[in-house]
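Each chain gets a letter, A, B and so on, in the order its sequence line appears, and its residues count up from 1.
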Amino acid sequence: MPELPEVETIVRGLRPLIEGRRIARVELAWPRVLDPRGQASEGIAGEQIAEVRRLGKFVVARFASGSHAAIHLRMTGRLIVDAKTPLPHTRFVWRFADGGNLVFADARKFGRLRIFAGDPREEVQVGIDPFDKRLDADGLHALLRGRRSAIKVFLLDQRFVSGIGNIYACEALWRAGIRPSKRTGRLNKREARKLLAALRKVLTKAIDKRGSSVDDYVDAGGKQGGFQKQLAVYGRRGLPCRRCKARIRRIVLAQRGTFFCPVCQRSSGPANRSNRTT
DNA sequence: ATCAGCACCTGTTGGC
DNA sequence: TGCCAACAGGTGCTGA
């Protein structure tokens with residue numbers, strides 16, 4: 001499932017392939033892919049792609065006219081450039097004036113295309129990027145303060161810090177030695193600093209490996225990522241912790257599988273320490 | 001305001 | 001071996 005490192009890898013792959021190209025028309029193979037909060041897809045026919053960038057987990061294309069398209073891949077979305085044959089699960093296609101194409105294929109139909117004229121930051125409403133230099137330990141600590149949800153749930157909420165999903169939330173908390181169930185507001189300044197450093201470290205390493213291919217993630221060139229081999233806790237229930245050999249446990253927080261080491265991540269959560277390891 | 005819980009989806013997995 | 005219910009999960013929405 002694409003999170004920040006996967007989307008970053010996709011964007012880096014897309015830039016040299018589609019920047020500068022002109023869209024002749026848009027085909028909606030599955031019309032509900034178009035986010036109804038945005039504009040009609042016909043509006044970008046004739047547009048030239050000026051720039052592609054990442055905003056949280058969104059792939060954002062800016063057109064020469066100044067309007068934008070934001071694509072969210074959700075769980076299984078893929079963007080493939082210049083597909084030679086029709087791809088299974090195709091939801092929309094941008095036909096370029098030069099005869100090429102950009103195909104969005106998405107088995108589970110969760111991904112969306114949104115077209116809009118305004119400022120992308122205001123349109124997609126994502127919080128600060130983990131790599132934004134304006135975010136420091138004090139700033140993160142201020143965001144944490146007063147919140148009662150589990151820290152893992154906070155990390156998944158895109159309105160605060162953007163781009164982190166289930167895999168990297170688990171991995172960063174393991175690196176920081178913080179239990180996923182710990183109440184957000186209970187993290188002290190030192191833990192906030194460790195968490196921010198852990199987030200940046202794990203996201204950087206994952207980008208270096210071109211992301212994690214856990215489900216069916218592939219980059220713009222159709223290649224898999226390599227970071228899944230280095231995951232410390234995600235998907236490793238019952239396997240030995242890479243640091244202390246204790247068995248990795250799995251709990252459910254906010255309906256999502258959550259993996260942690262009961263020894264390395266001791267910092268107490270809300271009094272109940274007896275979460276089931278299903 | 002904040003948060004928990006469900007709906008959206010379908011390919012894959014696990015249990016019988 | 002084969003069938004089918006349960007599961008996976010990011011986000012938007014609803015209701016408490």
dT11(C) pyrimidine/purine six-ring stacking with Phe110(A), under 5.5 Å and 30° = no
Could you tell me whether the phosphate oxygens of [N], OP1 or OP2, come under 4.0 Å of any side-chain nitrogen or oxygen in [X]?
| X | N | value |
| --- | --- | --- |
| Arg250(A) | dA8(C) | yes |
| Lys109(A) | dC8(B) | no |
| Tyr234(A) | dG9(C) | yes |

Given the rule in the salt bridge (Lys or Arg N to Asp or Glu O under 4.0 Å) test, do Glu123(A) and Arg114(A) qualify, once you have shown the distances and angles that lead to the verdict?
-> CA-CA 9 Å; Glu123(A) 190 72 25; Arg114(A) 188 158 159 186; 3.1 Å; yes
Grab the [atom1]-[atom2] distance between [X] and [N] for me, whole Å please.
| X | N | atom1 | atom2 | result |
| --- | --- | --- | --- | --- |
| Leu253(A) | dG10(C) | CG | P | 13 Å |
| Met75(A) | dT11(C) | CE | P | 10 Å |
| Arg74(A) | dG12(C) | CZ | C1' | 7 Å |
| Ile164(A) | dT11(C) | CD1 | C1' | 15 Å |
| Asp106(A) | dG10(C) | CG | C1' | 12 Å |
| Lys57(A) | dG10(C) | NZ | C1' | 6 Å |
| His89(A) | dT10(B) | NE2 | P | 9 Å |
| Arg256(A) | dA7(B) | CZ | P | 15 Å |

State which residues pass salt bridge (charged side-chain N to carboxylate O under 4.0 Å, His left out) with Arg12(A); sequence neighbours excluded, sorted by chain then number.
-> Glu8(A)
When all nucleic acid strands are considered with a 4.0 Å heavy-atom cut-off, which category describes Arg91(A): base, sugar-phosphate, or nothing?
-> nothing
Taking only heavy atoms on the protein side, list every residue of residues 142-158 of chain A lying under 4.0 Å from any atom of DNA chain C, sorted numerically.
-> Leu156(A), Gln158(A)
Which listed nucleotide (dC6(B), dG12(C), dG11(B)) is nearest to the side chain of Gln255(A)?
-> dC6(B)
For Val124(A), what are the other residues in its hydrophobic cluster, where any two members join if their side-chain heavy atoms are less than 4.5 angstrom apart?
-> Leu55(A), Phe58(A), Val60(A), Val126(A)
Arg54(A) bridged to Asp129(A) by N-O distance under 4.0 Å | yes
Short N-O contact, Arg21(A) and Asp82(A), less than 4.0 angstrom | yes
What is the ring orientation for His68(A) with Phe116(A), classed by angle as parallel under 30°, tilted 30 to 60°, or perpendicular over 60°?
-> parallel
Taking the side chain as every heavy atom from C-beta outward, state whether Phe63(A) and Ile49(A) have any atom pair closer than 4.5 Å.
-> yes
